[in-house]
Amino acid sequence: MSDLLEARGDTSWFVKDRFGMFIHWGLYSQGARHEWFKSYEEIPQDLYDKKYFAHFEPDLYNPEKWAEAAANAGMKYFVITTKHHEGFALWDSKTSEYKATNTPAKRDLLRPMVDAFRAENMRVGFYHSVIDWHHENYIVDRCNHPYRNNEELLKKMNAGRDQMKYADYLHAQVRELLTEFGDVDILWFDFSFGNKEKRGDFKEHKGREAWRSEELYRMIRTLQPKILVNDRLDLERVVGDMKTPEQYQPRSHVQVDGKPVVWEACQTFSGSWGYYRDEYSWRGVRQLLSTLIDCVSKGGNLLLNVGPTGRGEFDARALDRLEGMGKWMRYNSRSIYECEEAPAGFAAPEHCKLTYNPEKKRLYIHIFDWPYKHLHLDGKAFVERVEYAQFLHDASEVLFEKVAISQTHGALNAGFDSDTTLTLTLPQVEPNIEIPVIELFLK
Ligand code: GLC
């Protein structure tokens, strides 16, 4: 039997589904000012629990509504924070008292969520933080722990702590997640950090040694062989099943050692992953759609995050964006699902992005700036392979001809066939759709 470290998950569905929902929900949702505010404000544990653990009562929580909003937006999978850096578990874990069932919520919040998203035919992903600012054996580090700047307290708290006992706890919770919720499709860890020169000093660095990552990975592969594992366990020989750029967009298809790899950008509506009441830098529907198209045009996925409130709802801003994306996806999801970057030889015209469905041999032109009458597709590949063109949203034909338009005199003499430019003639008025898409049928 080869070493389970060499084993990888099944990405065949992942690279077709392309679009997922990230959900960051926990006690930090009560604070409503970013999921890291416990660290940023260096809040002591007892105060954090007196405020947020004691008052966490998501009485409006209805996961069916969450799943419906995600499905209507065109999302095909979701990834939920089972436990974030604060250490609080959404499910009724036998390993801890720091869990939803012991708050005024008085119930397991994860199981009904998994059931609701599965009922919408969506695949299930668990985000699980390896960082834990609550656990009694987690070594208080000088990197991001809420007590990092109090050297005296740090020393006092670390006396008697055993990071390996925390690693045991981490593995036990992951085992619960992979044995009590049926088939799980993604395990999304977050994150290893610190000065790599100080490996093993858990106050300065936490990586594969702190999590016992290789042992953890082998356990995961034993329990759920097909599951996708991301790239944040600091495993030396395992890139993970997907690379996970966040809060920026890659310039092209993400590569490792010069080879394209499966990748998924995770992004937020506004900057914060957890609910942030007073954050006003919310991106609009057009920019969010552009980000989704950008990912697929480079052969990647988009995992777009929602931070539900402490009452257990998606707030109006999130619902507005999801509905707007869903309206576009209803007409144009054919240019997203089962698509990837365009083949060589097909260069995107100015102000456009291309995606391609290799099975159907269909090329999709996403037009971000409406041109004056013509869209010129330069390259022999267009001339030789395009057999039909239509708008995707209403299947109305788009006429084209092989004509070279000179810089000064418009169309050259009639009959002058260009073997390097295919010119589409577009309506004067842009169709009433956020980002119009033209579907090209290739020979
Ligand atoms: C960063 C943030 C973390 C968030 C994650 C999502 O690691 O620190 O709060 O959950 O990004 O990818």
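Just so it is clear, the values below take in all heavy atoms, side chains as well, and ignore hydrogens, waters and symmetry mates. Just so you know, ligand 1 is whichever comes first in the structure, and atom 1 is the first atom listed for that ligand.
- Side chains of Gln30 and His55: no donor on one and acceptor on the other come within 3.5 Å.
- When each atom of ligand 1 is checked for a heavy atom of Tyr127 under 4.0 Å away, the hits are 10 (O).
- Under a 4.0 Å criterion applied to the non-hydrogen atoms of Trp36, ligand 1 contributes the atoms 2 (C), 3 (C), 8 (O), 9 (O).
- In terms of protein heavy-atom proximity, atom 10 (O) of ligand 1 is closest to His24 NE2, 2.6 Å.
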Going through the checks in order, is the salt bridge (Lys or Arg N to Asp or Glu O under 4.0 Å) test met by Arg123 and Asp185? CA-CA 6 Å; Arg123 287 184 181 255; Asp185 299 288; 2.9 Å; yes
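- Residue contacts with ligand 1, taken as heavy atom pairs separated by less than 4.0 Å, involve Trp188 solely via side-chain atoms from C-beta onward.
- Scored by the side-chain hydrogen bond (donor to acceptor under 3.5 Å, both in side chains) test, Thr355 finds no partners at all (sequence neighbours excluded).
- Asp231 and Thr244 are linked by a side-chain donor-acceptor pair at a separation below 3.5 angstrom, with hydrogens and angles left out of the test.
- Applying the 4.0 Å criterion to heavy atoms of Cys266 picks out, from ligand 1, the atoms 12 (O).
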Enumerate donor-acceptor pairs with a distance under 3.5 Å from any side-chain N or O in residues 344-351 to protein atoms, sequence neighbours excluded.
none

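- Closest to atom 1 (C) of ligand 1, if we only count protein heavy atoms, is Glu246 OE2, 3.3 Å.
- One finds the CZ atom of Phe14 at 14.5 Å from the NZ atom of Lys76 (value rounded to the nearest 0.5 Å).
- Taking the centre of each ring, Tyr98 and Phe53 come in below the 6.0 Å mark.
- Residue contacts with ligand 1: Glu35 is placed with a nitrogen or oxygen under 3.5 Å of a nitrogen or oxygen of the ligand (distance criterion only).
- Side chain to side chain, Ser129 and His85 meet the donor-acceptor criterion of an N or O pair below 3.5 Å.
- Using a 4.0 Å cut-off to heavy atoms of Arg232, the atoms of ligand 1 that qualify are 7 (O), 12 (O).
- With ligand atoms numbered from 1 in the order given, ligand 1 contributes 3 (C), 8 (O), 9 (O) to contacts under 4.0 Å with heavy atoms of His85.
- No heavy atom of Gln267 sits closer than 4.0 Å to any atom of ligand 1.
- Closest to atom 5 (C) of ligand 1, if we only count protein heavy atoms, is Asp190 OD2, 3.3 Å.
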